> 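Here it is, the structure, as structure tokens.
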Amino acid sequence: MASDSDRNERMEKIVSLCKRRGFIFQSAEMYGGMNGCWDYGPLGTELKRNLKDYWWKKTVTEREDIVGMDGSILTHQDVLKASGHVGGFSDPMSDCLLSRARLRADQVPEQSGVAVWYSGAKHEATDWSVNTEFAVLVPEGKDPDSAKKTARQFYGERMPDKKISPKELELIEEKREELESTTRFNPANGSLLTEPREFNLMFQTSVGASSDEGSVAYLRPETAQSIFVQFKNILETSRQKLPFGIAQIGKAFRNEINPRNFTFRSREFEQMETEFFCRGEDGLRLTDEWLEKRLNFYGEIGIPREKLHVLDVPDGERAHYSSKTYDIEYDFPFGIQELEGVAYRTDYDLKKHGEASGKPIEYFDEQTKEKLIPHVVEPSAGCDRTVLALICEAFDEETITNEKGKEETRTVMRFDPKMAPVKCGIFPLLKNKPELVNKAREVKELLLPFMNVFYDEAGAVGRRYRRQDEIGTPFCVTIDFDTLGEDGSDLEGTVTVRERDSMKQERVPIAELSTYLLQRIV
RNA sequence: GCGGGUAUAGCUUAAUGGUAAAGCCCUAGCCUUCCAAGCUAGUUAUGCGAGUUCGAUUCUCGCUACCCGCUCCA
């Protein structure tokens, strides 16, 4: 197991490579950056597109029972009121100043007693003082002087010299007041709490020129809601029967308190979600089936099964709507973190939207002649998180010994060829030989319609190989003098194909080149 | 949100209260017959804003961003 500092160093190298080679940049970097937002550069965009295209192909194109949609990001406030996103999940929180525990402000019990307020504390011997307001609530019947111990503890933590006992501190008492039914103090230790803060994690905006109550809209916090809200329309127009799914790839927004770990927790992110509707009795079984399908998917894009972890989210930690949730987690350099949640959301969402809109969402089963509210299983994958996992998984530094016996480091992004941003590098062996250059350009034109290629003629060919290694290009093609048939070579019309991981070379006729490569990159 | 740390060129690192240095990378040219060769030339930096000072990249303060640990994550 790598140490923490190794893993940190690895992550720093990955972030650095992402910037150096144009995978991912910080948003608004030239203005000092924007917390929690990231931009994809040319290669990052190709990589992300390959992932989304493959997901769509596997989820929608190759299945008869799943259809796609693309919903608006701006979301009607009533949709999110019905789903519970407005109101329900923005609990005011208070922090304990002493223990730093975070409490839900509406769950702090009412207390009575004497509040002892302090404006600060000082330590004469070391000429140290602090002017921070603090207070302790002493319950009725106890000596108000007992507040001193708690206050000394609070101010003691702020002293630079930890060897001095907080008992030597002189407290600056401000006032004492009798309070009844207050909720501003931590019942566990009497310490003052911070003012309650709203944690509304949705971005709110207003639609239309005049902003009044009715104009409030939100940037969607998940793509799922637009699927639920369009369920009836899609059911009627797509001629699907239960069980069937609706899939969507799109942006979602959460005002995360604390963005962290490169692109992992961003305020703006893309989801790849399927809502798979079914009869209630099939929900749990399908949840297990989807888990397996999704694990296979990650294997197909180059994330090995042993780096994935399945968390069966226990009761009490699941979202309010879910009666079963699996988290698929990946072993990132910064820890094991969630890539995708496979959640059985029951009939919660369709029921809520039916109630709130006054238009019940029902499905008529023609065989059993019954009306029912479909249940739903939701495999919801984080697109940006999966891109990050692909990058972390691909990153490798290989120590190789060159011909002069010198050790050097080869940086290789070992992307699965399906995911690689560039599929093939194309090089003339030498730049100053027009025959080679012309032939190489011909080969480029030949491959261009089939795949993303990169033509490079600068410098020594070895350097060009290494450059492609660093962006994960699986194949490089070099046009040399044998290709031209000089000296009567029987290799005329063939090129060298060099493979990224093994660095092995193979001679392939130009006529077979596109077939050769296409077989290896899909 | 709390605490700690960091901020000099695309990257990695120097130096300084008084002209900011180097290597790698990148660009152009020469050369080069398969794994970061060589030569020549060139572009690019003290995160932002105040203060102290004759003068601040350097000292002080604030802000922003990033990293680490907590916290949070419908």
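This one's a predicted model, so the numbers in the text were calculated from it and none came from an experiment. Throughout, a chain's letter reflects where its sequence line sits, starting with A, and its residues are numbered from 1.
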> What is the base-pairing partner of B:C63, counting Watson-Crick and G-U wobble geometry with both distances under 3.5 Å?
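Pairing partner: B:G47.
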> Closer than 4.0 angstrom, basic N to acidic O: yes or no for A:Lys423 and A:Glu46?
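Answer for the salt bridge query: no.
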> Do any side-chain nitrogens or oxygens of A:Asn35 fall under 4.0 Å of OP1 or OP2 in B:U64?
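A:Asn35 to B:U64 OP1/OP2: no side-chain N or O under 4.0 Å.
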> Could you give the CD1-to-C1' distance, from A:Ile24 to B:A65, as a whole number of Å?
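So the two atoms are 17 Å apart, to the nearest Å.
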> Determine the interatomic distance between P on B:U46 and the same-named atom on B:U33; round to the nearest Å.
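After rounding to an integer number of Å, I get 43 Å for this pair.
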> For B:C25 and B:A37, measure between their P atoms and round to the nearest Å.
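Their P atoms lie roughly 7 Å apart.
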> Please work out whether the ring planes of A:Phe334 and A:Phe332 are parallel, tilted or perpendicular, with thresholds of 30° and 60°.
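Geometry flag for A:Phe332 against A:Phe334: parallel rings.
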> Nearest whole angstrom, please: distance from the P of B:A36 to the CD of A:Glu408.
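A:Glu408 atom CD is separated from B:A36 atom P by 5 Å.
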> Closer than 4.0 angstrom, basic N to acidic O: yes or no for A:Arg345 and A:Glu273?
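No, this pair does not count.
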> Please measure how far the P atom in B:A7 lies from the corresponding atom in B:U13, and state the result in whole Å.
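Here B:A7 and B:U13 have their P atoms 11 Å from each other.
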> Taking CZ from A:Arg260 and P from B:C66, how many angstroms apart are they, rounded to a whole number?
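Rounded to the whole Å, the gap is 10 Å.
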> Counting only Watson-Crick pairs (N1-N3 plus N6-O4 or O6-N4) and G-U wobbles (N1-O2, O6-N3), all under 3.5 Å, who is the partner of B:U27?
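Paired with B:U27, as far as the under-3.5 Å criterion goes, is B:A41.
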> Using Watson-Crick or G-U wobble geometry with both distances under 3.5 Å, which nucleotide pairs with B:U57?
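Partner of B:U57: none.
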> May I ask you to verify if any side-chain N or O of A:Lys431 is less than 4.0 angstrom from the OP1 or OP2 atom of B:G29?
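Indeed, a polar side-chain atom of A:Lys431 lies that close.
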> Could you please name the option among B:C66, B:C11, B:A74 that lies closest to any side-chain atom of A:His85?
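Nearest to the side-chain atoms of A:His85, counting from C-beta on, is B:A74.
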> With a 3.5 Å cut-off and just heavy-atom distances, do the side chain of A:Asn258 and the base of B:C72 make a donor-acceptor pair?
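No, the side chain and the base share no sub-3.5 Å donor-acceptor pair.
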> Does the structure show a Watson-Crick or G-U wobble partner for B:G3, both distances under 3.5 Å? Name it, or say none.
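Matched B:G3 with B:C68 under the 3.5 Å cut-off.
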> Please confirm whether the shortest side-chain N or O distance from A:Arg463 to OP1 or OP2 of B:C25 is below 4.0 Å.
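For A:Arg463, the contact criterion (side-chain N or O under 4.0 Å from OP1 or OP2 of B:C25) is met.
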> Mark yes or no for a side-chain to base donor-acceptor pair under 3.5 Å between A:Glu256 and B:C73, with no hydrogen or angle criteria applied.
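Checked by distance alone, the answer is no.
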> B:U57 and B:C66: how far apart are their P atoms, nearest whole angstrom?
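The same atom, P, in both gives a distance of 25 Å.
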> Taking A:Gly283's backbone N and O only, do any of them form a donor-acceptor pair with A:Thr287's side chain (distance below 3.5 Å, no angle check)?
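Yes, A:Thr287 side chain to A:Gly283 backbone: donor-acceptor pair under 3.5 Å.
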> Any donor-acceptor pair under 3.5 Å joining the side chain of A:Ser16 to the base of B:C11?
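Donor-acceptor pair under 3.5 Å: no.
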> Mind checking the P distance from B:U8 to B:U58? Whole angstroms is fine.
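13 Å, rounded to whole Å.
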> Is there a donor and acceptor pair closer than 3.5 Å between the side chain of A:Arg21 and the base of B:G10?
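No such pair is found, so the answer is no.
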> Rounded to the nearest angstrom, tell me the gap between atom CZ in A:Phe332 and atom C1' in B:C68.
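Going from CZ in A:Phe332 over to C1' in B:C68 covers 18 Å.
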> Considering only atom P, compute the distance from B:U40 to B:C24 and round it to an integer number of Å.
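Approximately 12 Å lies between the P atom of B:U40 and that of B:C24.
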> If you take atom types as modelled and just measure distance, does the side chain of A:Arg254 reach the base of B:C73 with a donor-acceptor pair under 3.5 Å?
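By the distance-only test, no, there is no pair.
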> Is there a side-chain polar atom (N or O) of A:Lys19 under 4.0 Å from OP1 or OP2 of B:C11?
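For B:C11, OP1/OP2 do have a side-chain N/O of A:Lys19 under 4.0 Å.
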> So, is A:Gln26 near the phosphate of B:A65, with a side-chain N or O under 4.0 Å from OP1 or OP2?
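No, A:Gln26 has no side-chain N/O under 4.0 Å of OP1/OP2 on B:A65.
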> With a 3.5 Å distance limit and no angle check, can you tell me whether A:Thr494 reaches the backbone of A:Val508 through a side-chain donor-acceptor pair?
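Such a contact is absent between A:Thr494 side chain and A:Val508 backbone.
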> For A:Arg498, which contact category applies under a 4.0 Å heavy-atom criterion: base, sugar-phosphate, or nothing?
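Here A:Arg498 touches the bases of the nucleic acid.
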> Between A:Glu470 (CD) and B:C26 (C1'), how many Å, whole number?
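From A:Glu470 CD to B:C26 C1': 13 Å.
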> Would you tell me if any nitrogen or oxygen in the side chain of A:Asn432 comes within less than 4.0 Å of OP1 or OP2 on B:C30?
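Checking B:C30 against A:Asn432, no side-chain N or O comes under 4.0 Å of OP1 or OP2.
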> Map A:Asp480 and A:Arg20 onto RNA chain B by nearest heavy atom, then report which one ends up closer to the 5' terminus.
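It is A:Arg20, whose closest nucleotide lies nearer the 5' terminus.
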> On a plain distance test, is the side chain of A:Tyr465 in donor-acceptor contact with the base of B:C34 below 3.5 Å?
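Donor-acceptor pair under 3.5 Å: yes.
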> When rounded to the nearest Å, what value does the distance between C1' atoms of B:A9 and B:A22 take?
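These two C1' atoms come out 11 Å apart once rounded.
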> To the nearest 0.5 Å, how far apart are CG in A:Asp327 and CD1 in A:Ile336?
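Here the interatomic distance stands at 12.5 Å.
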> What integer number of Å spans the P atoms of B:U53 and B:U44?
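So the two P atoms sit 34 Å from each other.
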> With both distances under 3.5 Å as the test, what is the Watson-Crick or G-U wobble partner of B:U12?
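B:A22 is the nucleotide pairing with B:U12.
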> Taking the cut-offs as 6.0 angstrom to the six-membered ring centre and 45 degrees off its axis, would you call A:Arg260 and A:Phe264 a cation-pi pair?
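Verdict for A:Phe264: no cation-pi partner in A:Arg260.
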> Which nucleotide sits closest to the side chain of A:Thr496: B:C34, B:C35, B:A74?
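That would be B:C34.
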> Are A:Arg464 and A:Asp456 close enough for a salt bridge, meaning some N to O gap below 4.0 Å?
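So A:Arg464 does not pair with A:Asp456 through a salt bridge.
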> Give a yes or no on whether a donor-acceptor pair under 3.5 Å exists between the nucleobase atoms of B:C73, that is its base, and the side chain of A:Arg265.
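It does, because a donor-acceptor pair links the side chain of A:Arg265 to the base of B:C73 below 3.5 Å.
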> Establish, with yes or no, whether the OP1 or OP2 oxygen of B:C67 is under 4.0 angstrom from a side-chain nitrogen or oxygen of A:Arg10.
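A:Arg10 to B:C67 OP1/OP2: no side-chain N or O under 4.0 Å.
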> With nearest nucleotide decided by heavy atoms, which residue, A:Arg507 or A:Asn261, maps closer to the 5′ end of RNA chain B?
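Nearest nucleotide further toward 5': that of A:Arg507.
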